[in-house]
Amino acid sequence: MSAVRMSVLLALLSAAAQAQAGVPDVGRQTIAANDGWASMPTAALPGGTTGGSAADTAHVYTVSDRNALVAALAFPDATPKIIRIDGVIDANVDETGQPLTCENYARPDPQTGTPYSLDAFLAAYDPATWGRTNPSGPLERARAASAAAQQARVRIRVPANTTIVGVTRNAGLRGAWLDIRPSSTSGNQPMNVIVRNLTFADTFDCFPQWSPNDGATGNWNSLYDAVSVRNATHVWIDHNNFLDAATADDTLPTYFGRLYQVHDGLVDVTNESDYVTVSWNLMANHDKAMLIGSSDSASADRGKLRVSLHHNLFHDLGQRVPRVRYGQVHVYNNQYSLTTDGAARYGYSWGVGIESQIHAENNHFLVPAAVTPDLFLDRFNGTSLYVAGTLRNGFVRAHAVDPVAAFNAANGEALVNAATWTPTLYNGIDPTWTVPLKVILRAGTFK
Ligand code: CA
Ligand code: CA
């Protein structure tokens, strides 16, 4: 997205926010009954996701910098707590709160002392001379050591029974990786986390990894998601903004013929996670939006990764909106929009991965003419999905499209459009023609 259009978008958001009378304190709220998979009642959480709503007064914190945020979270202390975020918290700061640049994180190879520099890294692993094997040796070790130094600052771990909410209109995290995961990295646990009214901006990796065999021409892959959900059940991500501005893809260079991608996902749900609702968020100006299931070989995810996505505004996202493996994922009443610039970078929206069970109902697409319905999905070892009620660029029967039939016809594929499960956790499905206005007015922070 161009800087001009991003500033227009932000101005619209800001105007919409200022039109609201006051900032409600939603810290004590819990998810409504039947509001997607995160409302699933279980023995541990009979009311579904409650976050830190039961916190005593000693465990309600208002924080405005990274140190105070990390101290208040007190991972892995599972005492119910409410974290109120006042203003913008930058994760890329040192212990005294001073900003850290990518240069500040550079570390030498621990074995040889070879210093890290991007120029030296690019010279060492250029496919023209290094070939197409994975980088190894002093500069790759220096890159990894540098990445570890950044991760120690930007990774912010969230313990169980926590609600994190913005309490000022600009409240949010810049450059942070909010990591919702228990101490254990096998199976899953009821983490019971609520994240609302926060703007997540510019989560970026200073040290992307070069993967020469990712795709036909290699790729730069980055590590940090704005929010990641791993080994965790009962997570509700609601009314947030997720976007890149200062580090947007159109500001990034190209090396080895590929975009030097410094971003990973916006909200990735992996590693046996379950019972997640992602609702009423704005996600904008980003390539990889939501990965649900990280690997075909992660068969422990089978029967898990149940996620609901509803009433989100997905604006100029490149791919993975979402990309699904294994999970039963209910995708309804979302607004997908692309500008001409966004369309130039568009891959697909629904990624049909191994044993995935996407159930997509009444979504609306507002896209340039070149973005035909066959482009709305792509197949990655999946065989079926259910799609109904999709409208493209309009509100009446003439705008109804069948993306699965269009995809099959355009690609000589045989994806089956059939429901493999029946969603029960939802509070009504809106008619598609109402989705654009409702979502544009009400998705994002403080709506
Ligand atoms: Ca990720
Ligand atoms: Ca395609």
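Keep in mind the model is a prediction, meaning the values are calculated, not measured. Numbering of ligands and ligand atoms starts at 1, following listing order.
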Q: Determine, stepwise, if the pair Arg141 / Asp109 fulfils salt bridge (Lys or Arg N to Asp or Glu O under 4.0 Å).
A: CA-CA 5 Å; Arg141 288 193 300 266; Asp109 169 23; 2.9 Å; yes
Q. Just checking, Arg323 and Phe380: is the charged tip under 6.0 Å from the six-membered ring centre and within 45° of the axis?
A. yes
Q) Which residues and atoms, protein N, O or S only, are under 3.0 Å from the Ca ion (ligand 1)? A) Asp225 OD1, Asp225 OD2, Asp264 OD2, Asp268 OD2
Q.
Would Arg155 pass as a cation-pi partner of Trp177, given that its NZ or CZ must be under 6.0 Å from the six-membered ring centre and within 45 degrees of the axis?
A. yes
Q) Within the distance-only criterion (no hydrogens, no angle test), does the side chain of Glu272 pair as donor or acceptor with the backbone N or O of Gly187 below 3.5 angstrom? A) yes
(Q) My understanding is that only one of His311, His330, His359 makes a ring pair (Phe, Tyr, Trp, His ring centres under 6.0 Å) with Tyr426; could you say which? (A) His330
(Q) According to salt bridge (Lys or Arg N to Asp or Glu O under 4.0 Å), who are the partners of Arg181, at least two apart in sequence or on a separate chain? (A) none
